[in-house]
Amino acid sequence: MTAIDPHSAEEIRVRIAPSPTGDPHVGTAYIGLINFLYARQRQGKFVLRIEDTDRARFVATSEQMIFDALHWLGLEWDEGPDVGGPFGPYRQSERSGIYREHVEMLLQSGAAYRCFCTAEELEAVRRRQMAAKLPARYPGTCRTLSVTDVEANLAAGKPFVIRMKVPAHGSTTFRDELRGPITFEHTNVDDQVLLKSDGFPTYHLANVVDDHLMRISDVIRAEEWISSTPKHVLLYQAFGWQAPRFWHMPLLRNQDKSKISKRKNPVSLVYYRQAGFLPDAMLNFLGLMGGGMPADINNASEKFTLAEMIQHFDVKNIRPAGPVFDLTKLRWLNGEYIRALSLQDFYATLRSTVLADEYLTEIASLIQTRIETLGEFGNLTHFFFADDIQPASEVFLPKNRTPEETLVFAAEQLAVLEATDWTHAALEPALKQLGESKGWSVKENFMLLRAILTGSTMSPPLIESMIVFGKARTLDRVRRFIDVQKKSKK
RNA sequence: GGCGCCAUGGUGUAACUGGUUAACACGCCGCCCUCUCAAGGCGGAGAGUUCGGGUUCGAUCCCCGAUGGCGCUACCA
């Protein structure tokens, strides 16, 4: 590590690099906020890069949802896939040539090598190591392959990956700007795969190459990356590049202190938006996580705007301990923001969110044929506007089913809903197939979901209702149902 | 198991470069206001700073160790 700060005169450039694998995550918003503030405070640039190198988990609609969520919060970026910029493309899937070129450099210099081991072989080795209570490490089989062996394998058309050659001895130390120097012995750093057999880079390679090419001065990311940072530092060295500064932010936590997860918390920004959280409240709340703001701003120590954060927030003051994402406090804060609105603004906000024309039109189309007076509108649509639906057991429990098996089935429904595109064409067969395979009739199957979603056995058509209500909120309702039922059994 | 990070009430934070009756906010409880529920006002309970050593006249704060929590340990990011 260099002692002198090589960045002092440089332009500050930071980035967030979300992966389009599902709904935009509240953790992305948190890291996004801190990067945004850091850039704005230093007249720097805030870059949005899409890390879509995992084709197995890729979700086509995800990228746009990420854009929308960040716009909603007002975390505007200076460079990105949609707005362009001087260091594009900003979507990793469009940079394959760049990675191939760079991995070739590593191959040439001997900092990386081809590995022909199969997944099965590696899995077997890993199992043996685990059984022997040894650390699970790549055994190094292909590290020392001769040129002729490599040629032969290539000629035979064997698939391969490219691994980085971590030095056998010594250690790597890097500085974390929040924690100080952190050292890893090379014996504890695995020969990371850099290029997968499908030709796509892994995070580690793509990240280092892009951060360098995009002139990123400060990598501000989540704490979970600390253990892989030595790999990144080694890569910078192998390329002969100056590494950026590293800042690892604490991980947001569930109530039980585990890393925040959808099982135990709503984590989708789409959910928060649709459930009627205000962006300013969300931003304010995220700004509270880990500290960073001075103790007393305008006599109201815990309430501040984005502008005030730009003015007063200091990333150096972040505490490294992982803060619990406390929904109760977020709700209180959100209430404060709602109450602070003028009646006109409050009403306008309602009309643009939970009472938006498009939403109401869709709902209207579902109930027009089902009511006799307009006054009955609310009877059938209550669940579209409520946030605490919990059906009584008489409502959700099918005849001849035990609460236990019903809960198990609900969990299976949840898994199917999570994995299915939010369209009628995909949802109906997926749900029916699940019912068939588990011996649940269509009626039982749909009625259970209807009860969970609407709190009633009578409602507009189920799947249409789910589509209008939205995936994020539907999933949350099912998760909450399961959660409440589990707790009430205890 | 290995490696790493972290540690102030239930939760989020504060406590100047070691000296405070350990502060504020959320939540909780009570009272007031009030047709109800919120909001608002007032008050209260709740931590001696994970534990054990050390340094010091003096440690929440510095050092060491232990314990606990978390993360990583993938051809996921």
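Chain identifiers are assigned alphabetically (A, B, ...) following the order of the sequence lines, protein sequences preceding nucleic acid strands; residue numbering begins at 1 within each chain. Keep in mind it's a predicted model, so treat the numbers as computed, not measured.
- The distance from the CD1 atom of A:I338 to the OG1 atom of A:T349 is 8.5 Å, given to the nearest 0.5 Å.
- Taking the syn range as angles within 90° of 0, the glycosidic angle of B:G58 is outside it, so the base is anti.
- Residue A:L327 contributes atom CG, which lies 16 Å from atom C1' of B:G10 at whole-angstrom precision.
- Of the candidates B:U11, B:G27, B:C5, the closest approach to any side-chain atom of A:T328 belongs to B:G27.
- B:C51 sits 10 Å from B:G68 when the C1' atoms are compared, rounded to a whole Å.
- Using a 4.0 Å heavy-atom distance criterion, A:F184 is classed as a sugar-phosphate-only contact.
- Taking atom C1' on both B:U21 and B:C33, the two are 33 Å apart, rounded to the nearest angstrom.
- Here, B:U60 and B:G19 have their C1' atoms 13 Å apart, quoted to the whole Å.
- At whole-Å resolution of the value, CE in A:M289 and P in B:A14 are 11 Å apart.
- Atom pair A:N265:CG and B:U11:C1' shows a separation of 12 Å (rounding to whole Å applied).
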Show the numbers, then the answer: is there a side-chain contact (heavy atoms from CB on, under 4.5 Å) between A:N284 and A:E302?
-> CA-CA 8 Å; A:N284 189 155; A:E302 297 203 303; 5.7 Å; no
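- Rounding to whole angstrom units, CG of residue A:D314 and P of B:A14 are separated by 12 Å.
- Between A:F325 and A:N265, the shortest heavy-atom contact is O-ND2, 3.9 Å.
- Straight-line distance from the CZ atom of A:F304 to the P atom of B:C24: 19 Å, rounded to whole Å.
- Nearest to the side-chain atoms of A:R319 among the listed nucleotides B:A39, B:G2, B:U8 stands B:U8.
- The pair A:R128-A:E121 does not meet the salt-bridge criterion, since no charged nitrogen lies less than 4.0 angstrom from a carboxylate oxygen.
- Put simply, CG on A:D326 is 7 Å from C1' on B:C26, counting in whole angstrom units.
- Between A:M282 atom CE and B:G12 atom C1' there is a gap of 15 Å when expressed in whole angstrom units.
- Atom CE of A:M105 sits in a crowded spot, with more than 12 heavy atoms from other residues, nucleotides or ligands closer than 6.0 Å.
- Toward the 5' end of RNA chain B, the nearer of the two residues A:I226 and A:L134, judged by each one's closest nucleotide, is A:L134.
- Under a cut-off of 6.0 angstrom, the local environment of NZ in A:K262 is sparse, with at most 12 non-hydrogen atoms contributed by other residues, nucleotides or ligands.
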For every nucleotide of nucleotides 62-77 of chain B, 5' to 3': is a protein heavy atom under 4.0 Å from its base (B), only from its sugar-phosphate (S), or from neither (-)?
-> -------SSBSSSBBB
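- When heavy atoms are screened at a 4.0 angstrom cut-off, A:M130 is found touching no nucleic acid atom at all.
- Salt bridge status for A:R40 with A:D78: present, with a side-chain N to carboxylate O gap under 4.0 Å.
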